[in-house]
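Data block below; observations after.
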Amino acid sequence: DSGVTQTPKHLITATGQRVTLRCSPRSGDLSVYWYQQSLDQGLQFLIQYYNGEERAKGNILERFSAQQFPDLHSELNLSSLELGDSALYFCASSVEPGRATGELFFGEGSRLTVL
Amino acid sequence: DAKTTQPNSMESNEEEPVHLPCNHSTISGTDYIHWYRQLPSQGPEYVIHGLTSNVNNRMASLAIAEDRKSSTLILHRATLRDAAVYYCIPTGVQGAQKLVFGQGTRLTINP
């Protein structure tokens with residue numbers, strides 16, 4: 001158990017809909033990362049937050065947005081869903097960002113299926 | 001970000017040592033080398049990291065070439081639970097903002 005909690009574990013929805021994925025980081029971790037893993041793309045970095053502020057951005061679509069709240073939990077919002085958005089979405093946390101020796105702790109992921 | 005080259009797959013037998021290679025010839029002088037693994041149906045988990053010297057922890061050993069252009073993750077006695085995809089990730093201060101996962105090596109362990 002990494003200490004990172006993601007909900008829901010599974011989600012099935014239709015094209016055009018909007019969903020919210022939630023992540024609670026490990027106790028004491030200030031930084032949250034979101035990754036997408038699909039069969040053809042592998043693990044792709046989406047976005048990182050540190051203590052409520054956006055710190056780094058990857059190939060995150062404009063239809064996707066995220067935020068980190070004062071209690072440090074984070075939400076990833078996916079809108080106007082397409083079939084290609086079906087994937088596993090992982091959240092990770094770390095004590096702080098930008099440390100080359102830092103270790104990321106990953107949750108078990110949220111599996112999104114868009115029909 | 002430094003590019004990495006890893007074998008797509010490797011196979012070994014239970015209780016035998018496993019050596020997982022990684023080439024990272026474009027690594028910068030300040031990049032650490034991290035290894036993560038992803039067990040089936042789970043999120044990635046940290047295995048080990050190093051800079052120049054070889055490193056050991058309870059999970060594995062990391063051997064880093066003198067020129068730092070390659071490294072090898074060593075599992076001393078593989079178990080069935082070690083079957084996973086192993087990722088080698090050079091990480092600098094900027095890179096630590098966003099670990100960049102390549103395709104990794106899928107390790108199969110035979111009983």
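Below, chain A is the first sequence line, B the second, and so on; all start at residue 1.
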Is L62(B) linked to V47(B) within one hydrophobic cluster, defined over Ile, Leu, Val, Met, Phe, Trp and Tyr using a side-chain heavy-atom separation of less than 4.5 Å? yes

Could you look at Q37(A) and say if it's the side chain, the backbone, both or neither that has a heavy atom under 4.5 Å from chain B? side chain

Highest number of heavy-atom pairs under 4.5 Å with chain A among S41(B), P44(B), G50(B) belongs to P44(B)

Does L104(A) offer a backbone N or O that forms a donor-acceptor pair with the side chain of Y36(B) under 3.5 Å? yes

When hydrophobic residues are tied together by side-chain contacts of less than 4.5 Å, even through go-betweens, does W35(B) share a cluster with V100(B)? no

CZ/F101(B) to OH/Y35(A) distance, rounded to the nearest 0.5 angstrom? 5.5 Å

Would you say F90(A) ends up clustered with Y86(B) if hydrophobic residues are merged whenever their side chains have heavy atoms under 4.5 Å apart, either directly or through other cluster members? no

CG/N59(A): more than 12 non-hydrogen atoms of other groups inside 6.0 Å: no

Single-linkage hydrophobic cluster, 4.5 Å side-chain cutoff, M59(B) and I74(B) together: no

Enter the distance from Q42(B):CD to F106(A):CZ here, rounded to the nearest 0.5 Å. 13.0 Å

I want to check something: taking the side chain as every heavy atom from C-beta on, are E103(A) and H34(B) in contact at a cut-off of under 4.5 Å? no

